[in-house]
Amino acid sequence: MQNIFWTGFSNDERHTAINKVNSLISKYGDIVDFHLFSDISLSMTIEIEEYKIDKLYDELTEIIGIQKTECLNSISKKERTIYLNLTFADGTGNLKIEVPSVPG
């Protein structure tokens, strides 16, 4: 069975976009792996039943820009893997995480 690769982008602030996408995916499947690439992009692996893929894609297009793909029109309950690469328009490539000083 062939894996599915989607490429998307968001103009939202990074944390907002991640929360929206995460909430939506959790309605249909599970995020089993993810990797952040500074503040530029995020790559995630999604496991989902095949018959839910078209609905997930349709709802994703409402919150992020996503590369056009054909509908599966499947009724199968087989598990499929989707690899989603999400790019953030406001990314700088220079993510800095401030660590607060801890007394003691």
Side-chain angles (χ1 to χ4, degrees):
M1 183 157 309
Q2 192 173 3
N3 291 323
I4 299 169
F5 296 90
W6 289 345
T7 302
F9 65 91
S10 177
N11 291 322
D12 288 338
E13 187 272 329
R14 180 173 54 96
H15 292 98
T16 303
I18 291 171
N19 287 333
K20 286 180 182 179
V21 170
N22 183 39
S23 295
L24 180 61
I25 291 171
S26 67
K27 289 174 34 180
Y28 296 101
D30 298 303
I31 298 172
V32 295
D33 192 21
F34 70 93
H35 299 280
L36 285 170
F37 300 99
S38 187
D39 64 342
I40 295 177
S41 68
L42 167 73
S43 178
M44 60 178 65
T45 305
I46 304 163
E47 288 185 352
I48 184 172
E49 291 175 315
E50 191 171 273
Y51 75 96
K52 296 179 182 179
I53 292 174
D54 290 336
K55 187 66 175 164
L56 172 62
Y57 176 83
D58 290 341
E59 289 192 33
L60 270 175
T61 61
E62 295 174 11
I63 61 172
I64 63 172
I66 193 164
Q67 183 179 14
K68 183 82 172 151
T69 187
E70 292 184 26
C71 291
L72 294 179
N73 296 321
S74 176
I75 58 171
S76 173
K77 292 194 176 196
K78 290 181 183 177
E79 283 283 320
R80 294 287 300 267
T81 301
I82 299 173
Y83 297 99
L84 173 62
N85 185 8
L86 180 59
T87 302
F88 307 107
D90 294 334
T92 63
N94 192 18
L95 178 64
K96 293 182 181 178
I97 299 173
E98 297 294 325
V99 179
S101 60
V102 179

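Scope of the values below: all heavy atoms of this structure, side chains included, with no hydrogens, waters or symmetry mates. We count residues from 1, following the sequence as given.
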Enquirer: With a sphere of 6.0 Å drawn around CZ of Phe9, does it hold more than 12 non-hydrogen atoms of other residues, nucleotides or ligands?
Expert: no

Enquirer: When rounded to the nearest 0.5 angstrom, what is the spacing between CD1 in Ile46 and CD1 in Ile82?
Expert: 5.0 Å

Enquirer: Any non-hydrogen side-chain atom of Trp6 less than 4.5 Å from a side-chain atom of Ile4?
Expert: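 When only atoms from C-beta onward are counted, Ile4 and Trp6 do touch, with a gap below 4.5 Å.
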
Enquirer: Hey, are Glu50 and Arg80 close enough for a salt bridge, meaning a charged N less than 4.0 Å from a carboxylate O?
Expert: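 Yes, charged N to carboxylate O under 4.0 Å.
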
Enquirer: Once you round to the nearest 0.5 Å, how far does CG of Asn22 lie from NE2 of His15?
Expert: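 Going from the CG atom of Asn22 to the NE2 atom of His15 covers 12.5 Å.
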
Enquirer: Once you round to the nearest 0.5 Å, how far does OG of Ser43 lie from CG of Leu36?
Expert: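 Those atoms lie 10.0 Å apart.
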
Enquirer: Run the side chain to side chain donor-acceptor pair (under 3.5 Å) test on Thr81 and Glu47 for me, step by step, so that the C-alpha distance in whole Å, both residues' side-chain angles and the decisive distance to 0.1 Å come before the verdict.
Expert: CA-CA 5 Å; Thr81 301; Glu47 288 185 352; 4.7 Å; no

Enquirer: Keeping the roles fixed (side chain from Asp54, backbone from Asn73), state whether a donor-acceptor pair exists under 3.5 Å.
Expert: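 Yes: the side chain of Asp54 pairs with the backbone of Asn73.
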
Enquirer: Test side chain to side chain contact (heavy atoms under 4.5 Å, CB included) on Leu86 and Val21 and set out the steps.
Expert: CA-CA 10 Å; Leu86 180 59; Val21 170; 4.0 Å; yes

Enquirer: Apply side chain to side chain contact (heavy atoms under 4.5 Å, CB included) to residues Leu84 and Thr45 and explain how you reach the verdict.
Expert: CA-CA 6 Å; Leu84 173 62; Thr45 305; over 6 Å; no

Enquirer: Do the non-hydrogen side-chain atoms of Lys27 and Glu59 ever get within less than 4.5 Å of each other?
Expert: yes

Enquirer: Report the C-alpha distance between Leu42 and Met44 in whole Å, list the side-chain angles of each, state the deciding distance to 0.1 Å, and finish with yes or no for side chain to side chain contact (heavy atoms under 4.5 Å, CB included).
Expert: CA-CA 7 Å; Leu42 167 73; Met44 60 178 65; 3.2 Å; yes

Enquirer: For a side chain to side chain donor-acceptor pair (under 3.5 Å) check, start with the C-alpha distance between Tyr28 and Glu49, then their side-chain angles and the critical distance, and finish with the verdict.
Expert: CA-CA 8 Å; Tyr28 296 101; Glu49 291 175 315; over 6 Å; no

Enquirer: Is there a side-chain contact between Ile53 and Tyr51 in this structure, where contact means two heavy atoms from C-beta onward sitting under 4.5 Å apart?
Expert: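 No; the side chains remain at least 4.5 Å from each other.
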
Enquirer: If you count heavy atoms of other groups shown closer than 6.0 angstrom to CZ of Phe34, is the number above 12?
Expert: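 No.
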
Enquirer: Apply side chain to side chain contact (heavy atoms under 4.5 Å, CB included) to Glu62 and Leu24, showing your working.
Expert: CA-CA 11 Å; Glu62 295 174 11; Leu24 180 61; over 6 Å; no

Enquirer: Is there a donor-acceptor contact under 3.5 Å from the side chain of Ser38 to the main chain of Ile40?
Expert: no

Enquirer: Quick one: does any side-chain atom of Ser23 pair with a main-chain N or O of Lys20 as donor and acceptor, under 3.5 Å?
Expert: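 Such a contact is absent between Ser23 side chain and Lys20 backbone.
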
Enquirer: Would you mind telling me which of Ile64, Asp12, Asn11, Ile18 makes a side chain to side chain contact (heavy atoms under 4.5 Å, CB included) with Phe88?
Expert: Ile18

Enquirer: Measuring from atom CG of Asn85 to atom CD of Gln67, what distance do you get when rounded to the nearest 0.5 angstrom?
Expert: 10.5 Å

